[in-house]
Amino acid sequence: PAVEPLHPAPVPPNPDLRMTDAEARYPGEASAALTGVELAIAPGQRIAVIGRSGAGKSTLAALAVRFLDPAAGRVELGGVPATSLAGDDVRSVVTLAPQEAHLFGGTIADNLRLGRPEASDGQLWSALSAAQLDDWVASLPAELATVVGDGGRSLSGGQRHRLVLARTLLVGGPLVVLDEPTADLDPLTGRRFLRDALAVGRERGVVLLTHDLRALPVVDEVVVLDAGRVVARGHHDQLLHDDPGYAAWWELERPDAPTVAYRPGDRGVHGPGRAP
């Protein structure tokens, strides 16, 4: 874990996250897992970070939520170095839904309150609604008191992911990191989940770390990682036009159907992320 500062700085009012020439290195490892990474996200933006397994996507998530501190370069939150902030304070602003998020054998309410113990039932229902899970929970005889079983074994894969998304949203952070959220979902369930995950709480910024290509045409920016470095970035349409390697890869791997109705630019995002 990252070392906590002796005198943590207050949480900055501006929640923008910025990585500048950031290098990440795990303890005991000779080589860096990430090198020279540049990334910036503000509330209301959607960024997809793609790359093969081992490209550094989960390491980028660890930097974003201060599970790992940069070995070189800077990670800043509202212009304040993340290393000067308490880890819990960083994670109150940048909330992570990890690929292997755990559900324990309590109730739906218990699992939701793991992210925010003081939350009222009304706040739980609001989070479930944002994750498009409220109608299903309301249909259960015990509703919020329904026991999910150890690891959420009584739930489908899509329901587990939505419950984890609801828990993440319940924390209320203005920035959300979703790490491979569709990794174990079938294509139809994965498409529906991506649609809703990108559409919820448009005032939030979302960093989507994924192998799933279905979100790429509708995010504000695509960042391509390879061997720990950013090798391409821009709006999907821009990359198709300007980057022959990206275009060839897209034609080879492209999904059969579009993913979401959400269109980038709704909140006035400028630059490569502007809606075509």
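Nothing here was measured: the structure is a model prediction, and the numbers come from that model.
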S.K.: Do Glu251 side-chain atoms and Ala248 backbone N/O form a donor-acceptor pair below 3.5 Å?
M.R.: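 The answer is no, because no donor-acceptor pair under 3.5 Å joins these two groups.
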S.K.: Donor-acceptor check, side chain of Arg113 to backbone of Ala119, threshold 3.5 angstrom: yes or no?
M.R.: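 Checking the backbone N and O of Ala119 against the side chain of Arg113, a donor-acceptor pair under 3.5 Å is found.
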S.K.: Between atom NE2 of His241 and atom OH of Tyr246, what is the distance when rounded to the nearest 0.5 Å?
M.R.: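 If I round to the nearest 0.5 Å, the distance is 14.5 Å.
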S.K.: Any chance the side chains of Thr107 and Asp110 put a donor and an acceptor closer than 3.5 Å?
M.R.: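 On atom types as modelled, these side chains qualify, holding a pair under 3.5 Å.
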S.K.: Main chain of Ala48, side chain of Glu221: is a donor-acceptor contact present, judged purely on distance under 3.5 Å?
M.R.: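 Looks like no, no N/O pair under 3.5 Å.
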S.K.: Of the non-hydrogen atoms in Ala86 and Pro5, which two are nearest, and what is the gap between them?
M.R.: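 Looks like N-CG, 4.2 Å.
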S.K.: Would you say the side chains of Asp69 and Thr83 form a donor-acceptor pair under 3.5 Å?
M.R.: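 No, Thr83 and Asp69 have no side-chain donor paired with an acceptor closer than 3.5 Å.
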S.K.: Run the side chain to side chain contact (heavy atoms under 4.5 Å, CB included) test on Val219 and His235 for me, step by step, so that the C-alpha distance in whole Å, both residues' side-chain angles and the decisive distance to 0.1 Å come before the verdict.
M.R.: CA-CA 7 Å; Val219 296; His235 188 270; over 6 Å; no
S.K.: Could you tell me if the side chain of Ile47 sits less than 4.5 Å from the side chain of Leu208, heavy atoms only?
M.R.: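 No, every pair of side-chain atoms sits at 4.5 Å or beyond.
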S.K.: With a 3.5 Å distance limit and no angle check, can you tell me whether Ser126 reaches the backbone of Gly122 through a side-chain donor-acceptor pair?
M.R.: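 Side chain of Ser126 to backbone of Gly122, a donor-acceptor pair under 3.5 Å: yes, one is there.
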S.K.: Under a 4.0 Å N-O cut-off, is there an ion pair linking Arg66 with Glu4?
M.R.: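 Looking at Glu4 together with Arg66, the answer is yes, because their closest N to O distance falls below 4.0 Å.
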S.K.: Spell out, as yes or no, whether a donor-acceptor pair under 3.5 Å connects the side chain of Arg204 to the backbone of Pro43.
M.R.: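 No: the side chain of Arg204 does not pair with the backbone of Pro43.
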S.K.: Are Val176 and Val222 connected, step by step, through hydrophobic side chains (Ile, Leu, Val, Met, Phe, Trp, Tyr) whose heavy atoms are closer than 4.5 Å?
M.R.: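 Linked within one cluster.
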S.K.: When you group the ILVMFWY residues by side-chain heavy-atom contacts below 4.5 Å and let the links chain together, are Trp249 and Val231 in the same group?
M.R.: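 Both belong to a single hydrophobic cluster.
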S.K.: Determine yes or no for a side-chain-to-main-chain donor-acceptor pair under 3.5 angstrom, with Asp220 supplying the side chain and Arg46 the backbone.
M.R.: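 Yes, Asp220 side chain to Arg46 backbone: donor-acceptor pair under 3.5 Å.
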S.K.: Taking the side chain as every heavy atom from C-beta outward, state whether Val207 and Val94 have any atom pair closer than 4.5 Å.
M.R.: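 When only atoms from C-beta onward are counted, Val94 and Val207 do not touch, as no gap falls below 4.5 Å.
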S.K.: Mind checking whether Leu239 and Trp250 have side chains closer than 4.5 Å, heavy atoms only?
M.R.: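 No. Closest side-chain heavy atoms not under 4.5 Å.
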S.K.: Any idea which heavy atoms bring Pro10 and Leu85 closest together, and the distance?
M.R.: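 Closest approach of Pro10 to Leu85, heavy atoms only: O-CD2, 3.4 Å.
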S.K.: Could you tell me whether a side-chain N or O of Gln45 sits under 3.5 Å from a main-chain N or O of Gly205, the two making a donor and an acceptor?
M.R.: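 Checked: no pair found.
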S.K.: Would you call Trp125 and Leu112 a side-chain contact if the rule is heavy atoms closer than 4.5 Å?
M.R.: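 They are not in side-chain contact.
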S.K.: Are side-chain heavy atoms of Leu225 and Lys57 found at a separation under 4.5 Å?
M.R.: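 Yes, at least one pair of side-chain atoms sits under 4.5 Å.
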S.K.: Identify whether Leu17 and Val49 are in the same connected component of the hydrophobic contact network (ILVMFWY, side-chain heavy atoms under 4.5 Å).
M.R.: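 Yes; tracing contacts between hydrophobic side chains, which count when under 4.5 Å, links both residues.
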S.K.: So for atom CZ, which belongs to Arg233, do other residues, nucleotides or ligands contribute more than 12 heavy atoms lying within a distance under 6.0 Å?
M.R.: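 Yes, enclosed.
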S.K.: Would you say Trp136 and Leu103 are hydrophobically clustered, going by side-chain heavy atoms of ILVMFWY under 4.5 Å?
M.R.: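 Yes, one cluster joins them.
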S.K.: Let me see the working for Thr210 and Ile50 under side chain to side chain contact (heavy atoms under 4.5 Å, CB included), right down to the final yes or no.
M.R.: CA-CA 5 Å; Thr210 186; Ile50 62 172; 4.1 Å; yes
S.K.: Do Val177 and Thr95 make a side-chain contact, defined as non-hydrogen atoms from C-beta onward lying under 4.5 Å apart?
M.R.: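 The answer is no; the side chains never approach within 4.5 Å.
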S.K.: Supply the atom-to-atom distance Asn111 CG to Leu155 CG, rounded to the nearest 0.5 angstrom.
M.R.: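 That separation rounds to 8.5 Å.
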S.K.: Evaluate the side chain to side chain contact (heavy atoms under 4.5 Å, CB included) criterion for residues Leu124 and Leu144: first the C-alpha distance (whole Å), next the side-chain angles of each, then the deciding distance (0.1 Å), finally the verdict.
M.R.: CA-CA 9 Å; Leu124 300 189; Leu144 291 172; 4.2 Å; yes
S.K.: With rounding to the nearest 0.5 Å, note down the distance linking CZ in Arg167 to CG in Leu128.
M.R.: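 If we round to the nearest 0.5 Å, Arg167:CZ and Leu128:CG are 12.0 Å apart.
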S.K.: Say you draw a straight line from CD of Gln123 to CG of Leu170; how long is it, rounded to the nearest 0.5 Å?
M.R.: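 If I round to the nearest 0.5 Å, the distance is 6.5 Å.
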S.K.: Do you know the tightest heavy-atom contact between Val93 and Pro15?
M.R.: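 Scanning both residues, the minimum pair turns out to be CG1-CB, 3.9 Å.
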S.K.: How far does CG of Asp21 sit from OG1 of Thr35, to the nearest 0.5 angstrom?
M.R.: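 Going from CG on Asp21 over to OG1 on Thr35, the span is 9.0 Å.
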S.K.: When you compare the side chain of Phe67 with that of Arg91, does any pair of heavy atoms fall below 4.5 Å?
M.R.: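 Arg91 reaches Phe67 side chain to side chain.
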S.K.: Does Tyr26 offer a backbone N or O that forms a donor-acceptor pair with the side chain of Glu29 under 3.5 Å?
M.R.: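 No, Glu29 side chain to Tyr26 backbone: no donor-acceptor pair under 3.5 Å.
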S.K.: May I ask whether Val75 and Val223 are part of the same hydrophobic cluster, defined by side-chain heavy atoms of I, L, V, M, F, W, Y residues being less than 4.5 angstrom apart, directly or through others?
M.R.: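 Yes.
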S.K.: For Val171, does its backbone N or O pair with a side-chain atom of Arg116 as donor and acceptor, under 3.5 Å?
M.R.: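 Here the side-chain-to-backbone pair does not exist.
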S.K.: For the residue pair Leu96 and Ala61, what are the closest heavy atoms and their distance?
M.R.: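 Between these two residues, the closest heavy atoms are CD1-CB, 4.1 Å.
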S.K.: Roughly how far, to the nearest 0.5 Å, is CD of Glu23 from CG of Leu63?
M.R.: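 The distance works out to 10.0 Å.
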S.K.: Looking at Ala97 and Thr168, what are the two nearest heavy atoms and their distance?
M.R.: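 So the minimum-distance heavy-atom pair works out to CB-OG1, 3.4 Å.
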S.K.: Looking at Leu68 and Ala24, what are the two nearest heavy atoms and their distance?
M.R.: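 Between these two residues, the closest heavy atoms are CD2-CB, 3.9 Å.
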S.K.: Could you check if a side-chain atom of Leu213 sits within less than 4.5 angstrom of a side-chain atom of Leu216, using non-hydrogen atoms only?
M.R.: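 Contact flag for Leu213/Leu216 side chains = yes.
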S.K.: Keeping Arg18 on the side-chain end and Leu77 on the backbone end, is there a donor-acceptor pair under 3.5 Å?
M.R.: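 Checking the backbone N and O of Leu77 against the side chain of Arg18, no donor-acceptor pair under 3.5 Å is found.
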S.K.: Begin with the C-alpha distance, continue with both residues' side-chain angles, and end with the deciding distance and a verdict on side chain to side chain contact (heavy atoms under 4.5 Å, CB included) for Val230 and Glu38.
M.R.: CA-CA 8 Å; Val230 175; Glu38 305 276 341; over 6 Å; no
